[in-house]
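Below: the structure, in C-alpha cells.
All values reported here derive from a predicted model rather than from experimental measurement. Just so we're on the same page: letters track the sequence lines, and every chain starts at 1.
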Amino acid sequence: MSQVRVRFAPSPTGSFHLGSARTALFNWLYARHTGGTFVLRVEDTDKERNTPEALDVLLRGMRWLGLDWDEGPEVGGDYGPYFQSERRAIYDEYLQKLWAADRVYEKDGAVFFRLEGERYTEYDEYKKAEIEKVRAKPQVIDDAVRGVVERAEERDFVIVRSNGEPVFHLVNVVDDIAMGITHVIRGEDHLSNTTKHCELFQAFGAPLPKFAHIPMILSSTGPGKMSKRGDGVHVEDYERRHFLPYGLVNFLALLGWNAKDDQELFTLAELIERFDLPGIQKGNARFDEKKLSHVNTEQIRRLPLGEFAALAQPILEAAGVAIDDVNYMNAVLKLSQEKVRSLEELPGFVAYFFDDNFNFDEKAGERIFKKGEPLDRLAEVKEILSAVVDWSAEMLDRTFMDLASAKGHEKPFAWFPITRFAVSGVSGGPDLIPMLAMMGKERVLSRMEAFPSRYTV
RNA sequence: GUCCCGUUCGUCUAGCCCGGUCAGGACACAGGGUUUUCAUCCCUGCAACAGGGGUUCGAAUCCCCUACGGGACGCCA
C-alpha cells in the first residue's frame with residue numbers, strides 16, 4: 001500500500017478554534033499511526049482575513065499542541081509552496097486542463113464548472129428565483145466514517161471569481177491532487193461540498209482520495225456549532241490558562257473518537273498506536289469543559305516531576321512567586337503535584353511555601369478558632385518541635401504522637417489544624433507531616449513564633 | 001424550501017455490521033468513608049436505547065415512517 005499523505009488545510013483567521021485543532025489532531029494522529037506524512041497547507045486565498053499575525057497564532061498553536069508537520073510552512077517539502085497564495089501558477093495550469101476538456105465556461109466574468117447531464121429550469125424556494133439545474137449523475141462517496149453516501153450536485157458552480165481569484169473548491173482539489181493527498185480527514189460540514197470535489201477530481205482524471213468526515217463539535221450551551229467567539233473555544237485560551245498541551249490533546253482525541261474499550265487516558269505513544277479511522281464517531285459531540293479539566297488534571301499527575309517542575313517554574317515566577325532555592329521548589333512541587341488540579345491554580349496553591357508574609361484565609365481561621373484553645377495547642381506544638389533534632393517526617397510523626405499520648409489523645413489530630421494554619425494560612429494542602437518536614441525546622445518554628453502577632457481573631 | 005448526515009444516562013461514549021448481556025465505562029451530580037483538609041483517594045447511588053409501526057420465539061441491534069438535532073445550498077474557507 002502506498003504511503004499515507006494527509007493534510008491539515010486551515011485558513012488563518014487570527015485564532016485557532018478547538019474544532020480546527022481537533023481536525024488537525026485527527027490528521028496528525030492518522031499520519032503518525034500509519035507512518036505517513038502530515039502536510040500543513042495554508043489556505044490563505046482570502047486576502048481580506050489573512051495576516052502574518054493570524055498565521056503566527058496558527059503555527060504557534062500547532063507547535064504548542066505538539067502537532068509537528070512534515071511538510072509545510074517553515075519546514076518546506078517536495079510539494080510546495082505550502083501557501084495557496086503562492087500556488088497561482090499551478091491553479092492556472094490545472095484550469096487549462098478544464099478548458100481543454102470543455103468542462104468550464106465563463107459567465108459574468110467568473111469561471112463556472114460545467115456539470116454533465118440533462119438541464120432544466122426550476123423555481124428554487126431557497127434562492128427565490130427561477131434557476132437552471134442539471135440532472136447530474138450522483139457521486140458515490142465511500143466515506144471512512146459514514147459509509148457510502150450518494151449525492152448529486154445540481155448546479156454548475158463557480159471555480160474562479162470574476163476578480164480572477166480561484167475559489168476554495170478548485171484550489172482544495174488541485175492541491176490535494178498535486179500534493180498526492182491520499183486521505184482527506186475533515187469536518188462534516190464539508191460532506192455536502194464533497195460532491196463538488198468529486199466532480200473536479202474526475203474532471204481532472206485524478207483518483208479520489210479516501211474521505212473521512214468527522215463529526216462537528218457542538219456548543220455546550222446554545223444550539224449549533226461551537227461558537228466562534230468568546231473564551232474557551234480557542235487553543236490560545238487554554239495555553240494562556242496553562243493547560244497542559246497534551247491534556248488538551250488527550251481530551252480532543254476523545255471528542256468523536258474512542259478506543260472501543262474503556263480506556264480514556266493515554267500516553268502519546270498509546271494514542272498514536274490506538275488511533276484509527278474506524279473508531280471515529282458519527283454523531284456530533286458537545287464540548288464539556290469539566291471533562292477537559294479532568295483529563296488535564298490526570299495528565300498533570302502523570303508528568304515526571306522534572307517536566308512538571310519545568311512547566312511550573314515559569315508559571316510561578318510569572319505569578320510573582322520568588323524562588324531562590326530550586327531544590328526547595330522541587331520539594332514543594334513534589335508534594336503538590338498529586339493534589340493540585342491545574343497549573344493555573346498552582347501559584348495560589350503553593351505561594352505560602354515561598355513567602356513568610358503569606359495571607360490568612362479568613363474562613364479557615366474562623367473555623368479553627370471556634371473551638372478549643374488553638375493558641376495553647378500551637379504553643380504546645382512549638383515547644384515539642386523546637387526540641388526535635390532530627391527534622392524528618394518519621395521523627396515529626398513520632399513527636400506528634402508523643403504529644404498526643406502525653407495529653408491523653410489517641411491521635412494528634414487535634415493539634416493539626418492550627419499547626420497547618422499557622423505555617424500556611426490555609427486549611428488544606430499537602431499532607432501536613434511531610435509538608436513540615438520539607439519546610440524545615442527554622443521556617444516552621446519562625447512562622448509559629450510569628451503567628452500570634454500576625455493573626456488576630 | 002431542497003439535499004446530505006446524525007439520534008444510547010445531563011455530557012463524552014461501549015454495545016449496533018454478525019439480533020438473546022442486570023445496556024458497560026468516564027465526566028458531572030448526590031450520599032457515605034478515609035483524611036488535620038471545601039484537596040486527594042475509596043465506595044455507593046442517580047441516570048439512557050427519540051417516538052411509532054413492522055420482521056422475529058426474542059430488537060438498542062434488521063426494515064419503514066415520524067419527530068428532533070446538525071450540515072450544505074456564497075464569486076467565504
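- Between the P atoms of B:C16 and B:U55, the separation comes to 25 Å (whole Å).
- Across the protein-nucleic acid pair, A:Leu218 atom CG and B:G69 atom C1' stand 8 Å apart, rounded to whole Å.
- With P as the reference atom, B:C9 and B:G25 are 16 Å apart, rounded to whole Å.
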Annotated protein contacts, base or backbone, on nucleotides 12-22 of chain B with a non-hydrogen cut-off under 4.0 Å, one of B, S, - each: BSSS-------
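- Aromatic pair A:Phe275/A:Phe26: centroids less than 6.0 angstrom apart.
- For the pair A:Arg135 and B:C3, the criterion of a side-chain N or O lying under 4.0 Å from OP1 or OP2 is not met.
- The side chain of A:Ala110 lies closest to B:C75 when the candidates are B:C75, B:A77, B:A26.
- Between the CZ atom of A:Phe168 and the P atom of B:A72 there is a distance of 11 Å, given to the nearest Å.
- Following rounding to the nearest Å, A:Glu289 (CD) and B:G10 (C1') show an atom-to-atom distance of 17 Å.
- Pairing of B:U34, defined by two Watson-Crick or G-U wobble distances under 3.5 Å, is not identified with any nucleotide.
- If you take atom C1' in B:A26 and the same atom in B:A48, they sit 15 Å apart, rounded to whole Å.
- When ring centroids are compared, A:Phe360 and A:Phe451 come within the 6.0 Å threshold.
- Only the P atoms considered, B:C5 is 15 Å distant from B:U66, to the nearest whole Å.
- When the shell of 6.0 Å around CD of A:Gln263 is examined, it contains more than 12 heavy atoms from other residues, nucleotides or ligands.
- Residue A:Arg377 is classed as having no contact, given no heavy-atom separation below 4.0 Å to the nucleic acid.
- Between the side chains of A:Gln139 and A:Glu153, not a single donor N or O lies within less than 3.5 Å of an accepting N or O.
- Separation of the P atoms belonging to B:G45 and B:U8 is 24 Å when rounded to the nearest angstrom.
- Within the 4.0 angstrom heavy-atom criterion, base atoms lie near A:His190.
- We find that CD of A:Glu188 is positioned 13 Å from C1' of B:C3, with the value rounded to whole Å.
- Here B:G19 sits opposite no nucleotide as a Watson-Crick or G-U wobble pair (both hydrogen-bonding atom distances under 3.5 Å).
- Inspection of the A:Asp156 and A:Tyr105 side chains reveals an N or O donor paired with an N or O acceptor under 3.5 Å.
- A stacked arrangement is not assigned to A:Tyr126 and the six-membered base ring of B:U2, the conditions of a centre distance below 5.5 Å and an interplanar angle below 30° not being jointly met.
- Base contact: A:Asp108 has a heavy atom under 4.0 Å from a base atom.
- With RNA chain B read from its 5' end, the first of the two nearest nucleotides for A:Glu150 and A:Gly428 is the one closest to A:Glu150.
- Closest to the A:Gln84 side chain, of the nucleotides B:G70, B:C75, B:A77, is B:A77.
- Residue A:Arg161 places none of its side-chain N or O atoms closer than 4.0 Å to OP1 or OP2 of B:G74.
- Here A:Arg420 lies in heavy-atom contact (under 4.0 Å) with a base.
- Between B:A60 and B:U13, the two C1' atoms lie 14 Å apart (nearest whole Å).
- Residue-level contact check: A:Glu154 touches neither bases nor backbone, having no heavy atom under 4.0 Å from any strand.
- The partner of B:G1 is B:C73, judged by Watson-Crick or G-U wobble contacts that both fall below 3.5 Å.
- Donor-acceptor pairing under 3.5 Å, judged by distance alone, is absent between the side chain of A:Ser192 and the base of B:C3.
- The base-pairing partner of B:G6, taking Watson-Crick or G-U wobble contacts with both distances under 3.5 Å, is B:C68.
- Relative to the ring axis of A:Tyr79, A:Arg41 does not place its NZ or CZ within 45° and under 6.0 Å from the centre.
- Side-chain atoms of A:Asn359 and A:Tyr352 form no donor-acceptor pair, as typed in the model, at a separation below 3.5 Å.
- Comparing B:G1, B:C41, B:A28 by their nearest atom to the side chain of A:Lys290 picks out B:A28.
- Taking the ring centroids of A:Phe168 and A:His197, they lie under the 6.0 Å cut-off.
- In terms of polar N and O atoms assigned as donor or acceptor, the side chain of A:Lys339 comes within less than 3.5 Å of the base of B:A39 in a complementary pairing.
- Across the P atoms, B:G58 and B:C46 are found 30 Å apart, a figure rounded to whole Å.
- For B:A50 and B:C41, the P atoms lie 34 Å apart once the distance is rounded to whole Å.
- When the side-chain nitrogen and oxygen atoms of A:Arg146 are compared with OP1 and OP2 of B:G70, none of them lie within a distance under 4.0 Å.
- We find that NZ of A:Lys370 is positioned 12 Å from P of B:C38, with the value rounded to whole Å.
- Within the 4.5 Å cutoff, no side-chain heavy atoms of A:Phe251 are placed close to those of A:Glu289.
- Summarising the base pairing, B:U56 is matched to no nucleotide, lacking a Watson-Crick or G-U wobble pair whose two defining distances lie under 3.5 Å.
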